Amino acid sequence: MLAILLAAAVSLAGTAAPALAQSSLAQSSLDREQIARKHFGNDAAWYRDRIPFFESSDPKLDAVWYYRWGLFRAHQRDLGAEGYVTTEFLDDVSWQRQPYASLNDASGFHIAEGRWLNDRRFTDDYIAFMYAGGNDRHFTDHMADSVWGRYLVDGDRDAVLRHLSVMRHVYRLWDEKYDFAKRLYFVEPLLDATEYTVSSIDASGGQDGFRGGDSFRPSVNSYMFANARALANMARLAGDAVMAREYDARAEDIRERVLADLWSSSLGHFVDRYQVDNEHVKYWQPIRARELVGYLPWMFDLVPDEARYAGAWAHLLDPKVLAGQAGMRTVEASYEHYMRQYRYLDGAPECQWNGPVWPYQTTQVLTAMANLLDHYKGTGPVTRGDYMRLLRQYAALHYQGDRLDLEEDYHPETGKPIVGLDRSHHYFHSGFVDLVLTGLVGIRPRADDLLEVNPLLPAAGDAQALRWFRAENVPYRGHRIAVTWDADGRRYGRGAGLSIEVDGREVARRADLGRLSLPVARRAPPAIAREVNQAVQLVRGQFPKPSASSNQEPAKLQDAVDGRVWFYPELPNGWDSPGAGKPEWFAIDLGRPMPLAQAELAFFADARRFAAPRGVEIEIWRDGQWHSVAKPAGAPLANGITRLDWPTVATDRVRLRMIPAGKQAIRLVEFKLFAARP
């Protein structure tokens with residue numbers, strides 16, 4: 001049944017594996033160029049060499065996979081000298097960290113998704129930003145654990161240890177939310193990114209729940225357990241045995257208290273206990289209903305492999321408890337205030353966690369379930385078929401009709417968005433790519449030098465089985481790996497079964513679904529190339545200062561130099577011309593001379609009002625007048641990136657001249673300026 005090609009594995013341990021013959025590669029590899037063009041159109045160049053590619057016998061899973069990479073790309077904000085950050089909302093919200101548009105609550109998802117990108121700059125920059133003050137602890141998070149998870153994929157020792165002292169400092173700052181008598185962390189649900197939960201609603205006597213309800217929650221304690229364990233692992237890697245022992249002890253102490261105090265025998269579930277004490281609830285009293293948050297201890301392997309705990313998963317599958325027809329309810333349906341809408345913005349429902357489906361917690365629960373199925377023996381009622389059914393159910397939430405657009409929260413019975421505000425479109429508050437790679441495909445990153453794969457697919461005959469899948473161009477320890485499942489061998493023509501390739505060479509195979517492990521030596525990851533966009537304006541009125549021939553609205557001017565690029569029609573982004581059919585210009589005053597040699601232009605088109613200009617030209621200011629330095633032979637791309645180069649020249653002002661396509665308006669999504677590329 002199982003045949004690991006040991007000779008191939010041994011050769012990988014010492015040297016780069018030779019590539020397969022071109023004919024073999026042609027049989028097995030996906031047509032990345034065609035796939036990138038299909039899903040990303042004129043923006044395909046950004047993805048072609050960066051992302052892992054995936055296909056399966058379920059085209060909806062495939063479509064959501066590529067949509068999620070588009071979502072990741074859209075949420076990369078270029079801060080110029082400070083590098084890239086990953087945002088949660090595409091447009092600004094009042095509670096983000098100004099002026100960067102960052103939030104820390106979903107950082108674990110952002111890093112987990114980004115660790116699978118072959119271009120390591122985006123996640124590396126993001127982590128550096130967060131540990132240089134960007135993580136203001138506005139919300140709870142498991143950032144240190146996610147940074148360790150990134151190391152398990154890329155093996156970059158220097159990168160994982162670079163911010164260790166700051167991580168330790170951030171961890172200790174959470175002592176303000178630590179009850180030394182109970183040896184547990186507490187938090188207000190709002191600051192746990194989950195307003196209107198059972199604890200906050202009941203603490204208000206059922207009258208509200210946006211604020212208040214401080215509680216000892218399975219979430220914050222699981223996060224702090226995971227972060228402590230990650231810090232202990234990093235300390236061992238750094239050779240600091242004292243710190244490793246300290247954080248091992250912290251993690252084990254949290255584990256002990258969560259199991260002893262947050263497990264409810266009567267509910268058969270992990271639950272909150274109140275830290276607040278008022279006329280409605282009492283200190284240390286447990287909440288009265290089950291919530292999805294009770295599965296988070298499995299997300300970090302906090303829970304022992306015992307049947308009494310595994311039984312909690314029955315609630316997730318029960319239509320009377322947490323299983324909605326369209327998704328996972330955040331609280332069980334019997335709760336008195338289930339789905340009661342408390343809060344509105346301009347008449348529209350606002351975010352609540354008293355029943356609606358949230359991709360945030362759906363991601364967490366699916367991650368926890370993958371752990372349960374991969375390495376727990378006592379999985380209780382949960383099967384691989386359940387995992388795939390719930391993964392597909394989650395994928396379906398990404399669809400609004402035929403259009404892909406992930407929003408904030410959903411009705412658990414209809415699957416329709418609840419909030420539906422402008423800010424809700426293409427919301428990056430969850431994960432999906434990581435779920436597919438670590439769950440469905442089954443790549444289980446490890447700290448040692450083994451590559452382990454265990455796809456969580458049910459056997460043939462199950463309604464949730466996949467006949468085939470292939471993931472390729474997946475980064476792992478300086479290599480590119482591919483995992484293929486072909487039930488009958490007809491899809492890829494290389495025989496039936498599960499196989500692994502490393503750097504284009506098949507190194508392991510088995511005839512059925514199951515675990516494959518083999519040694520793969522670490523290689524130094526490729527160096528990160530960093531170019532600095534000199535045109536970013538984070539604060540209006542400061543340099544660089546944009547101006548234009550028309551539409552002088554400050555917000556629209558800044559939109560073209562704010563470091564954000566996306567082409568979603570639901571969310572306008574960029575400077576717009578009035579569409580009068582006249583030539584237009586957009587200029588940037590840098591405030592001081594800078595050596596420049598390149599520009600990137602992004603234009604939006606919708607086949608209706610907006611079209612990319614039919615001609616553009618870059619001019620620089622020198623000797624009291626404008627001089628042309630770059631002019632492409634053809635029209636710039638619509639909904640993609642056009643790059644222009646010229647001999648390096650120092651200037652303090654740059655102007656983009658544009659000739660519109662007929663009477664159609666121009667939307668300049670982003671205008672970037674660089675010195676020569678590294």
Side-chain angles (χ1 to χ4, degrees), residues 60-61 63-64 67-68 71 88-89 93 105-106 109 189-190 192-202 206 208-210 289-295 315-366 369 386-432 435 570-571:
K60 286 197 171 182
L61 282 178
V64 174
Y67 167 74
R68 291 298 302 225
L71 193 72
E88 180 177 320
F89 295 92
V93 294
D105 52 319
F109 299 138
L190 174 64
D192 206 24
T194 55
E195 61 270 34
Y196 292 98
T197 62
V198 171
S199 54
S200 60
I201 293 172
D202 282 0
D208 195 23
F210 181 64
R290 303 176 185 93
E291 297 178 306
L292 277 188
V293 73
Y295 295 113
H315 312 315
L316 184 69
L317 308 179
D318 189 341
K320 296 180 180 179
V321 188
L322 293 169
Q325 291 186 28
M328 303 176 192
R329 302 179 181 122
T330 43
V331 67
E332 61 182 311
S334 62
Y335 175 54
E336 179 183 357
H337 303 294
Y338 172 74
M339 293 298 291
R340 176 181 171 184
Q341 186 66 46
Y342 285 92
R343 196 161 186 259
Y344 297 85
L345 178 64
D346 298 328
E350 258 285 7
C351 297
Q352 299 186 178
W353 296 69
N354 58 339
V357 180
W358 276 84
Y360 183 94
Q361 279 192 342
T362 298
T363 306
Q364 293 177 321
V365 173
L366 285 169
M369 186 184 290
D386 293 322
Y387 176 82
M388 283 302 300
R389 177 178 58 82
L390 293 173
L391 180 65
R392 283 177 156 129
Q393 185 186 66
Y394 174 36
L397 294 177
H398 291 70
Y399 282 89
Q400 311 304 319
D402 294 331
R403 181 174 56 85
L404 285 160
D405 181 2
L406 185 66
E407 300 207 24
E408 289 187 82
D409 64 345
Y410 298 83
H411 196 287
E413 309 311 322
T414 67
K416 301 297 183 185
I418 293 176
V419 174
L421 298 168
D422 286 346
R423 68 164 196 243
S424 302
H425 295 296
H426 309 291
Y427 182 45
F428 196 12
H429 192 236
S430 60
F432 186 83
L435 293 175
E570 300 86 2
L571 284 173

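Computed from a prediction, not measured in an experiment: that's the story for all the values here. Keep in mind that the numbers below use all heavy atoms, side chains included, and drop hydrogens, waters and symmetry copies.
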Asker: Salt bridge between R329 and E413, side-chain N to carboxylate O under 4.0 Å?
Answerer: yes

Asker: Let me confirm one number: the CG-CG distance from L317 to L390, rounded to the nearest 0.5 Å.
Answerer: 7.0 Å

Asker: Main chain of R290, side chain of E332: is a donor-acceptor contact present, judged purely on distance under 3.5 Å?
Answerer: yes

Asker: Hey, could you give me the CZ/CZ distance between F428 and F89, rounded to the nearest 0.5 Å?
Answerer: 13.0 Å

Asker: For a side-chain contact (heavy atoms from CB on, under 4.5 Å) check, start with the C-alpha distance between L435 and T363, then their side-chain angles and the critical distance, and finish with the verdict.
Answerer: CA-CA 8 Å; L435 293 175; T363 306; 4.2 Å; yes

Asker: So, do Y344 and P349 sit near enough that their side-chain heavy atoms are less than 4.5 Å apart?
Answerer: yes

Asker: Which heavy atom of L190 sits nearest to which heavy atom of E195, and what is that distance?
Answerer: CD1-CB, 3.8 Å

Asker: Going from CG on N354 to OG1 on T330, what distance comes out if it is rounded to the nearest 0.5 angstrom?
Answerer: 6.5 Å

Asker: Which atom pair, heavy atoms only, marks the closest approach of P359 to V357?
Answerer: CD-O, 3.9 Å

Asker: So which of R68, E408, H398 actually passes side chain to side chain donor-acceptor pair (under 3.5 Å) with S430?
Answerer: R68

Asker: For D105 versus A193, what's the shortest heavy-atom pair and its separation?
Answerer: OD2-CB, 3.7 Å

Asker: How about H426 and E570: does a side-chain donor come under 3.5 Å of a side-chain acceptor?
Answerer: yes

Asker: Does a donor on one side chain and an acceptor on the other come within less than 3.5 Å for E407 and S424?
Answerer: no

Asker: To the nearest 0.5 angstrom, please state how far the CD atom of Q361 sits from the CG atom of L322.
Answerer: 10.0 Å

Asker: Run the salt bridge (Lys or Arg N to Asp or Glu O under 4.0 Å) test against D405 and tell me which residues pass, sequence neighbours left out.
Answerer: R403

Asker: Could you report the tightest heavy-atom contact between Q352 and R343, atom names first, then the distance?
Answerer: OE1-N, 3.0 Å

Asker: Do M328 and Y394 have side chains that get closer than 4.5 Å, going by heavy atoms?
Answerer: no

Asker: Hey, what do you get for OH (Y295) to NE2 (H315), rounding to the nearest 0.5 Å?
Answerer: 5.5 Å

Asker: Taking side chain as C-beta onward, heavy atoms only, is P412 less than 4.5 Å from M339?
Answerer: yes

Asker: Would you name the heavy atoms of I418 and Q341 that are closest together and state the gap between them?
Answerer: CG2-OE1, 4.3 Å

Asker: Taking the side chain as C-beta and beyond, is there a heavy-atom pair between L316 and L292 under 4.5 Å?
Answerer: yes

Asker: Side chains of V93 and E88, heavy atoms from C-beta outward: is any pair under 4.5 Å?
Answerer: no

Asker: How far does CH2 of W353 sit from OG of S200, to the nearest 0.5 angstrom?
Answerer: 12.0 Å

Asker: Looking at side-chain heavy atoms only, is the closest gap between Y335 and D202 below 4.5 Å?
Answerer: yes

Asker: A side-chain contact here means heavy atoms from C-beta on lying under 4.5 Å apart; do Y342 and F210 qualify?
Answerer: no

Asker: Closest approach of A348 and L421, non-hydrogen atoms and distance?
Answerer: CB-CD2, 3.7 Å

Asker: Tell me, do D409 and H429 make a side-chain contact under 4.5 Å, heavy atoms counted?
Answerer: no

Asker: Of L406, L366, L61, which meets side chain to side chain contact (heavy atoms under 4.5 Å, CB included) against F432?
Answerer: L61

Asker: As a quick check of understanding, evaluate side-chain contact (heavy atoms from CB on, under 4.5 Å) for T194 and V293, giving each step before the final call.
Answerer: CA-CA 10 Å; T194 55; V293 73; over 6 Å; no

